[in-house]
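Report on the following structure.
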Amino acid sequence: KDKKASDEGGDRRAATEGEGPAPAGAQTEAEAQTEAETEIGAKTNAASAQGQGAQGQGTQGQDGEAAPPPAEPPHLPLFYRKPRPLHLTEDADLALKGKRDYSCAARATALPLVLSEFPAAARDFPILFSPADPPLPVVLTGLFKEQSLFVGSDGAWRAGTYLPAYVRRYPFLLGGATEGGRRLLLIDEEAPIVTRGEGVALVEDGGPSQVAGRALKLCEAFARDQRATHEFVEALTKYDLLEARKFTLTLRDGQKMAVTDVRVVSRKKFDAMPDDAFLEGRRHNWLFPVFCHFVSLQNLQEIGRASCRERV
């Protein structure tokens with residue numbers, strides 16, 4: 001049985017150095033309606049990374065308010081600059097650098113999340129919902145532009161905290177279906193971790209290496225998990241459980257900052273759900289993620305206390 005995205009990579013631990021990252025979110029995969037056979041080693045360069053990116057860099061608003069992170073351009077997901085199919089012949093010498101570097105997330109103040117990650121993520125981050133349509137579950141990782149609180153200056157992820165699958169997956173991605181109904185494994189050739197020659201090989205003996213095969217499986221698992229997340233969000237919308245909320249946080253220097261334009265599940269509406277809605281949630285295992293979301297909001301003040309207007 002396929003593992004959920006949060007299981008890939010060992011719960012709170014980052015992927016082992018030198019291994020391919022675990023899968024992560026992009027609406028390209030979420031919108032896939034049917035399972036498709038996936039192929040490594042495309043015969044053509046014609047493949048596009050469809051879908052809408054999740055929220056990225058935050059910007060400071062006026063009057064001490066933290067503006068919500070703007071959405072990435074709709075043609076590419078967050079982080080990705082030049083994803084294209086992994087070729088077994090042309091990329092025979094393509095490799096990943098041995099040491100993992102998460103600098104790609106250093107400027108992201110919010111990261112996409114999928115349903116199976118809620119329990120692990122709730123321990124370290126606030127889980128919020130973006131104002132997009134449809135709403136996207138995200139974890140808040142910082143308040144100010146280019147100030148992620150979870151990526152160090154050396155590109156290391158903060159030790160002891162959960163590493164979201166979206167970050168673990170990079171630089172891999174699933175592309176859209178080809179005419180033969182197959183989905184391609186894409187790689188962002190401009191990712192700093194991608195190199196030629198020395199490193200962890202992606203192609204061995206004319207076929208995909210273990211690392212490439214593992215990355216493919218993780219991407220496929222995440223694609224399925226995103227569909228489950230989409231269904232979860234559809235149910236929240238159907239029963240009108242999401243509401244806009246403003247949070248006032250105290251920063252490290254004692255100043256106040258307002259986080260606006262985010263959505264949360266209304267506790268009042270959730271408690272007043274009709275029996276049929278509650279039973280539907282229990283049948284689909286949607287109740288526990290909601291409870292995780294409620295608990296995660298306690299991390300908002302911790303994010304505030306760790307933030308300052310100037311990077312130190």
Side-chain angles (χ1 to χ4, degrees), residues 25 27 52-72 78 108-115 117-145 147-150 162 164 166 229-252 254-274 277-278 281 286-309:
Q27 249 182 320
Q52 177 180 343
Q55 296 186 355
Q57 304 171 12
T59 56
Q60 181 179 346
Q62 298 179 351
D63 303 325
E65 292 193 354
E72 285 288 297
L78 177 67
T109 55
L111 295 168
L113 199 70
V114 290
L115 197 60
E117 296 184 280
F118 276 44
R123 293 175 288 195
D124 298 312
F125 312 95
I127 299 174
L128 305 169
F129 293 86
S130 75
D133 185 19
L136 301 173
V138 298
V139 290
L140 188 67
T141 57
L143 297 178
F144 297 100
K145 183 178 181 180
Q147 287 194 28
S148 171
L149 298 173
F150 293 85
Y162 179 71
Y166 190 94
T229 305
H230 182 69
E231 293 172 356
F232 170 69
V233 171
E234 278 190 333
L236 296 180
T237 305
K238 172 184 175 182
Y239 293 108
D240 192 30
L241 296 180
L242 293 175
E243 64 179 12
R245 184 78 61 84
K246 175 180 178 180
F247 296 94
T248 301
L249 308 182
T250 302
L251 305 183
R252 186 191 309 170
Q255 296 187 59
K256 302 291 185 180
M257 166 161 283
V259 176
T260 62
D261 205 18
V262 296
R263 297 182 188 181
V264 299
V265 175
S266 167
R267 184 60 184 267
K268 182 178 180 180
K269 292 181 179 179
F270 181 77
D271 290 342
M273 276 195 309
F278 184 86
W286 290 333
L287 301 181
F288 186 58
V290 173
F291 294 137
C292 291
H293 161 64
F294 288 148
V295 172
S296 78
L297 297 180
Q298 299 178 40
N299 294 319
L300 274 165
Q301 290 301 332
E302 182 60 30
I303 292 288
R305 286 190 291 269
S307 302
C308 61
R309 294 185 184 277

Looking only at heavy atoms, which two atoms of [X] and [Y] are closest? And how far apart?
X: Leu149; Y: Ser307; result: CD1-OG, 3.5 Å
X: Pro131; Y: Arg263; result: O-NH2, 3.5 Å
X: Pro119; Y: Cys292; result: CA-SG, 3.7 Å
X: Asn299; Y: Ala122; result: ND2-O, 2.8 Å

To the nearest 0.5 Å, what is the distance between [atom1] on [X] and [atom2] on [Y]?
X: Met257; Y: Ile303; atom1: CE; atom2: CD1; result: 13.0 Å
X: Leu136; Y: Thr229; atom1: CG; atom2: OG1; result: 10.0 Å
X: Leu140; Y: Ile127; atom1: CG; atom2: CD1; result: 11.5 Å
X: Phe150; Y: Asp124; atom1: CZ; atom2: CG; result: 6.0 Å

A side-chain contact here means heavy atoms from C-beta on lying under 4.5 Å apart; do [X] and [Y] qualify?
X: Leu113; Y: Val138; answer: no
X: Val264; Y: Leu242; answer: no
X: Pro134; Y: His230; answer: yes
X: Arg245; Y: Leu128; answer: no
X: Ser266; Y: Leu241; answer: no
X: Lys256; Y: Leu251; answer: no
X: Val233; Y: Pro137; answer: yes

Side-chain ([X]) to main-chain ([Y]) donor-acceptor, under 3.5 angstrom:
X: Thr141; Y: Ala108; value: yes
X: Arg252; Y: Ala306; value: yes
X: Gln301; Y: Thr248; value: yes

**Asked** Can the positive tip of Arg267 be found less than 6.0 Å from the middle of the six-membered ring of Phe294, inside 45° of the ring normal?
**Response** yes
**Prompt:** Phe270 pairs by ring pair (Phe, Tyr, Trp, His ring centres under 6.0 Å) with which of Trp286, Phe291, Tyr239?
**Reply:**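 Only one option passes, and that is Phe291.
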TODO: Over 60° means perpendicular and under 30° means parallel, so classify the ring planes of Tyr162 and Phe125, tilted if in between.
DONE: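 Taking Tyr162 first and then Phe125, their aromatic rings stand perpendicular (interplane angle over 60°).
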- Task: Please work out whether the ring planes of Phe129 and Phe118 are parallel, tilted or perpendicular, with thresholds of 30° and 60°.
- Result: tilted
